[in-house]
Engineer: 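The structure is given below, and queries will be raised subsequently.
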Amino acid sequence: MAQGGSAAPKAPVFEPHYEFYLKPPEVGRWEAFGLFLYNPDKGQIFGRTGPSWAKIGLFYLSFYAVLAALFAVCLWVFFQTLDPRIPTWQLDSSIIGTSPGLGFRPMPEDSNVESTLIWYRGTDRDDFRQWTDTLDEFLAVYKTPGLTPGRGQNIHNCDYDKPPKKGQVCNVDIKNWHPCIQENHYNYHKSSPCIFIKLNKIYNWIPEYYNESVNLPEHMPDDLKQYIHNLESNNSREMNTVWVSCQGENPADKENIGPIEYIPRRGFPGYFYPYENSEGYLSPIIAIHFKRPRTGILINIECRAWARNIEHNRADRVGMVHLELMID
């Protein structure tokens with residue numbers, strides 16, 4: 001205390017204030033689950049209040065909207081680099097390469113996609129109907145031009161001296177390919193069936209023809225060599241053709257296969273090439289008529305396409321196609 005004065009005021013004393021988290025009340029499992037679904041005391045649904053759900057919902061809506069817009073822009077830029085008719089990678093730059101393969105019809109059912117066997121009983125129409133029905137479906141676009149988009153006024157009746165002009169496609173007339181016609185059941189009922197061969201399409205591929213009877217490959221079948229030699233002498237304008245040969249794979253198959261007829265000619269005319277994905281284009285096809293195949297025996301058949309720039313590889317089935325024929 002100061003001398004002669006009043007007592008000095010005491011300094012205020014601040015007592016610390018502590019807040020403790022109390023243990024939440026114990027609730028049962030189902031009661032806790034019910035509070036998670038909706039807590040009336042806190043106004044929470046699934047653990048969040050209405051404003052909290054609005055904030056997080058707005059965030060994710062904006063986030064995914066930006067992602068979707070970014071993806072759409074990238075996709076649009078990507079499609080600007082593509083042409084709907086012209087592939088970006090062609091010939092040597094593409095996976096397909098420059099050596100086309102062959103395909104045949106009729107093919108077995110989709111449930112047996114790996115099979116290449118044509119097997120039926122020639123005297124049973126119900127048995128061979130699946131094969132003739134498959135051919136009907138395959139050849140429908142050749143018989144009815146309207147079934148192919150864009151095919152109509154641009155069809156041109158091509159010939160070796162009348163190739164199609166730009167934007168035109170060549171007609172493939174199969175109506176007079178007797179006996180390989182629908183009305184004749186493609187000769188399946190006579191155990192003398194027809195199959196149809198086509199060359200796979202490769203954009204902008206141009207065949208390099210064997211259009212001279214000299215310097216033909218040694219492994220080319222002798223009957224095809226003789227055919228080319230005779231054609232060169234009698235009708236040389238048809239020499240620009242991708243030739244086709246079909247024969248038995250093994251010596252026994254060659255004996256059992258019997259004589260073969262190629263309709264309408266023994267190959268694919270050169271005026272169908274190059275393939276440029278024009279509207280209404282149909283691949284050229286030829287009918288292979290097996291006149292007298294031996295019945296009751298499985299015959300392995302190999303068909304090959306012949307041009308200087310077509311390679312043959314049995315392992316990869318390049319330039320050829322394999323099938324089996326068995327008629328009971």
Engineer: Does the structure place the NZ or CZ of Arg105 under 6.0 Å from the centre of the six-membered ring of Phe138, at an angle of no more than 45° from the ring's axis?
Structural biologist: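 Here Arg105 passes the 6.0 Å and 45° test against Phe138.
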Engineer: Look up atom CD1 in Ile95 and atom CH2 in Trp89, then write down how far apart they are to the nearest 0.5 Å.
Structural biologist: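 The CD1 atom of Ile95 sits 10.5 Å away from the CH2 atom of Trp89.
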Engineer: Might you confirm whether atom CD of Gln90 has over 12 heavy atoms from other residues, nucleotides or ligands at distances under 6.0 Å?
Structural biologist: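 Yes, CD of Gln90 has more than 12 neighbouring heavy atoms, counting only those of other groups under 6.0 Å.
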Engineer: Between Tyr275 and Trp205, does the ring centre distance come in under 6.0 Å?
Structural biologist: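 Between Tyr275 and Trp205, the centre distance exceeds or equals 6.0 Å.
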Engineer: Minimum heavy-atom separation for Gly122 to Ile327, with atom names?
Structural biologist: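 Here Gly122 and Ile327 meet closest at N-CG2, 4.2 Å.
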Engineer: With a 6.0 Å cut-off on ring centres, are Trp306 and His219 close enough?
Structural biologist: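 Yes, the ring centres sit under 6.0 Å apart.
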Engineer: Does Thr116 reach the main-chain N or O of Leu323 with its side chain, forming a donor-acceptor pair under 3.5 Å?
Structural biologist: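 No; judged by distance alone, with no hydrogens or angles, the pair does not exist.
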Engineer: Could you report the tightest heavy-atom contact between Val244 and Phe268, atom names first, then the distance?
Structural biologist: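 Heavy atoms of Val244 and Phe268 come nearest at CG2-CE1, 3.5 Å.
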Engineer: Under 3.5 Å, side chain of Thr241 to main-chain N/O of Pro269, donor-acceptor pair present?
Structural biologist: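 Not a single qualifying donor-acceptor pair exists.
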Engineer: Which of parallel (below 30°), tilted (30 to 60°) and perpendicular (above 60°) describes Tyr60 and Tyr64?
Structural biologist: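 It falls in the parallel class, under 30°.
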Engineer: Do Tyr262 and Ile288 come close enough that some side-chain heavy atom pair is under 4.5 Å?
Structural biologist: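 The answer is yes, as the side chains (C-beta and beyond) meet within the 4.5 Å cut-off.
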Engineer: Salt-bridged, Arg294 to Glu255, with N to O below 4.0 Å?
Structural biologist: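 No, Arg294 and Glu255 are not salt-bridged.
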Engineer: Tell me, yes or no, whether the heavy-atom count around His322 atom NE2, taken from other residues, nucleotides or ligands under 6.0 Å, exceeds 12.
Structural biologist: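 Yes, NE2 of His322 has more than 12 neighbouring heavy atoms, counting only those of other groups under 6.0 Å.
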Engineer: Say whether, by atom type as modelled, one donor and one acceptor occur between the side chain of Thr144 and the main chain of Val141 under 3.5 angstrom.
Structural biologist: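 No; judged by distance alone, with no hydrogens or angles, the pair does not exist.
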Engineer: Are the side chain of Tyr120 and the backbone N or O of Tyr188 linked by a donor-acceptor pair below 3.5 Å?
Structural biologist: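 Judged by distance alone, yes, a pair lies under 3.5 Å.
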Engineer: Mark yes or no for whether Asn171, through its side chain, and Ile155, through its backbone, hold a donor-acceptor pair below 3.5 Å.
Structural biologist: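 Pair absent, no side-chain N/O of Asn171 close to backbone of Ile155.
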Engineer: Is the number of heavy atoms from other residues, nucleotides or ligands within 6.0 Å of CZ (Arg125) greater than 12?
Structural biologist: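 Count not over threshold, so no.
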Engineer: Taking all non-hydrogen atoms of both residues into account, name the closest pair between Gly101 and Leu199 and its distance.
Structural biologist: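 Minimum heavy-atom separation between Gly101 and Leu199: O-CD1, 3.6 Å.
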Engineer: Verify, without hydrogens or angle tests, whether Asp159 (side chain) and Asp161 (backbone) share a donor-acceptor contact under 3.5 angstrom.
Structural biologist: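 Checking the backbone N and O of Asp161 against the side chain of Asp159, no donor-acceptor pair under 3.5 Å is found.
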Engineer: For Pro108, does its backbone N or O pair with a side-chain atom of Ser115 as donor and acceptor, under 3.5 Å?
Structural biologist: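 Not a single qualifying donor-acceptor pair exists.
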Engineer: Test Asp136 against Tyr186 for side-chain hydrogen bond (donor to acceptor under 3.5 Å, both in side chains), laying out the working first.
Structural biologist: CA-CA 10 Å; Asp136 290 343; Tyr186 309 102; 2.6 Å; yes
